[in-house]
Student: 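Can you read through this structure? Questions will come right after.
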Amino acid sequence: MSGTFNAKVYEVVKCIPEGKVATYGQVAALAGAPRNARFVGYALHVNPEPGVIPCHRVVFRDGSLAPGFAFGGPDEQRALLEDEGVRFIPPAPHHDNAGDEGWVVDLKRCQWQC
DNA sequence: GCAATGACCTGCT
DNA sequence: CAGCAGGCCATTG
């Protein structure tokens, strides 16, 4: 009930359609705070409404997921996103930040846009 | 009620 | 090109 930036985050995240993913920075920007990407993660951490907030659709700016904090594990998260229709691609040689096994979301084609 | 921390991102050196 | 530091709001102890 914090009618504030935090609540806006849930609104944006819940507004993400299937087969699409949004980045923390994007959600934060849509919430009205491009520099508050940090608190976006915190907002999802409290996750006041589990099952309603697709936190697994929220990924890093690089396309990697949140390792260790996923609801069931990066493997489950990847399978879930892939099952929804999200496209996954291997890490680029010049940009390898393996968040999980080295699979990153194709932000080029599956990043949710307003 | 005070203080500290937190799934990040951006800019500058 | 790469590495380092800072910043914001809210929640919890």
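In the text below, chain A, chain B and the rest are named by the order of the sequence lines, each starting its count at 1. All values derive from a computational prediction rather than experimental measurement.
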Student: Measure from CG on A/N6 to C1' on C/dT12 and round the result to the nearest Å.
Tutor: 13 Å

Student: When you check the phosphate oxygens OP1 and OP2 of C/dA10, does a side-chain N or O of A/T4 lie under 4.0 Å from one of them?
Tutor: yes

Student: Could you give the distance from CZ (A/R109) to CD1 (A/I89), rounded to the nearest 0.5 Å?
Tutor: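 Reported to 0.5 Å precision, the distance equals 9.5 Å.
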
Student: Kindly point out which of C/dC9, C/dT12, B/dA7 is positioned nearest to the side chain of A/Y24?
Tutor: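 Nearest listed nucleotide: B/dA7.
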
Student: Rounded to the nearest Å, what distance is computed from the NE2 atom of residue A/H45 to the P atom of nucleotide B/dG6?
Tutor: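 Taking atom P of B/dG6 as the reference, NE2 of A/H45 is at 10 Å.
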
Student: Within a reach of under 6.0 Å around CD of A/E82, are more than 12 heavy atoms found that belong to other residues, nucleotides or ligands?
Tutor: yes

Student: For DNA chain B, which residues in residues 106-114 of chain A have a heavy atom at a distance below 4.0 Å?
Tutor: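 Nothing qualifies; none.
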
Student: Round to a whole Å and report the spacing from CG of A/L44 to P of B/dC8.
Tutor: 11 Å

Student: Starting at CG of A/L65, measure out to CD of A/Q77 and round the result to the nearest 0.5 Å.
Tutor: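 Rounded to the nearest 0.5 Å, the CG-CD separation comes out at 4.0 Å.
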
Student: Quick check on side chain to side chain contact (heavy atoms under 4.5 Å, CB included): which of A/V59, A/L81, A/V86 does A/C110 satisfy it with?
Tutor: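 Among A/V59, A/L81, A/V86, the one meeting side chain to side chain contact (heavy atoms under 4.5 Å, CB included) with A/C110 is A/V86.
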
Student: Could you check which of C/dC9, B/dA7, B/dT10 has an atom nearest any side-chain atom of A/R61?
Tutor: B/dT10

Student: Are any protein N/O atoms closer than 3.5 Å to N/O atoms in nucleotides 1-7 of chain C? If there are, list each pair with its distance.
Tutor:
{"from": "C/dG7", "atom 1": "O6", "to": "A/R38", "atom 2": "NH1", "distance (Å)": "3.2"}

Student: Round to the nearest Å and state the distance from A/F5 atom CZ to B/dG6 atom C1'.
Tutor: 12 Å

Student: Using whole Å, report how far CZ of A/F69 lies from C1' of B/dC8.
Tutor: 13 Å

Student: Quick one: side chains of residues 18-26 of chain A, donor-acceptor pairs under 3.5 Å with protein atoms, not counting sequence neighbours, listed by atom name and distance.
Tutor:
{"from": "A/T23", "atom 1": "OG1", "to": "A/Q26", "atom 2": "N", "distance (Å)": "3.1"}
{"from": "A/Q26", "atom 1": "NE2", "to": "A/W112", "atom 2": "O", "distance (Å)": "2.8"}

Student: From CG of A/D62 over to P of B/dA7, roughly how many Å is that when rounded to an integer?
Tutor: 16 Å

Student: Could you check how far CZ of A/F39 sits from P of B/dT5, rounded to whole Å?
Tutor: 14 Å

Student: Specify the closest pair of heavy atoms between A/V46 and A/Y10, including all atoms of both residues, with the distance to one decimal.
Tutor: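 In terms of heavy atoms, the two residues are closest at CG2-OH, 3.0 Å.
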
Student: If you compare all heavy atoms of A/N36 against all heavy atoms of A/A28, which two are closest, and at what distance to 0.1 Å?
Tutor: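 In this case the closest contact between A/N36 and A/A28 is C-CB, 4.0 Å.
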
Student: Find the distance between CG (A/D83) and CD (A/E76) and round it off to the nearest 0.5 Å.
Tutor: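 A/D83 atom CG to A/E76 atom CD measures 10.0 Å (nearest 0.5 Å).
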
Student: Where is the tightest heavy-atom contact between A/C114 and A/L30, given as atom of each residue plus distance?
Tutor: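 Where A/C114 meets A/L30 most closely, the heavy atoms are SG-CD2, 4.2 Å.
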
Student: Roughly, in whole Å, what's the span from CZ in A/R57 to C1' in B/dA7?
Tutor: 17 Å

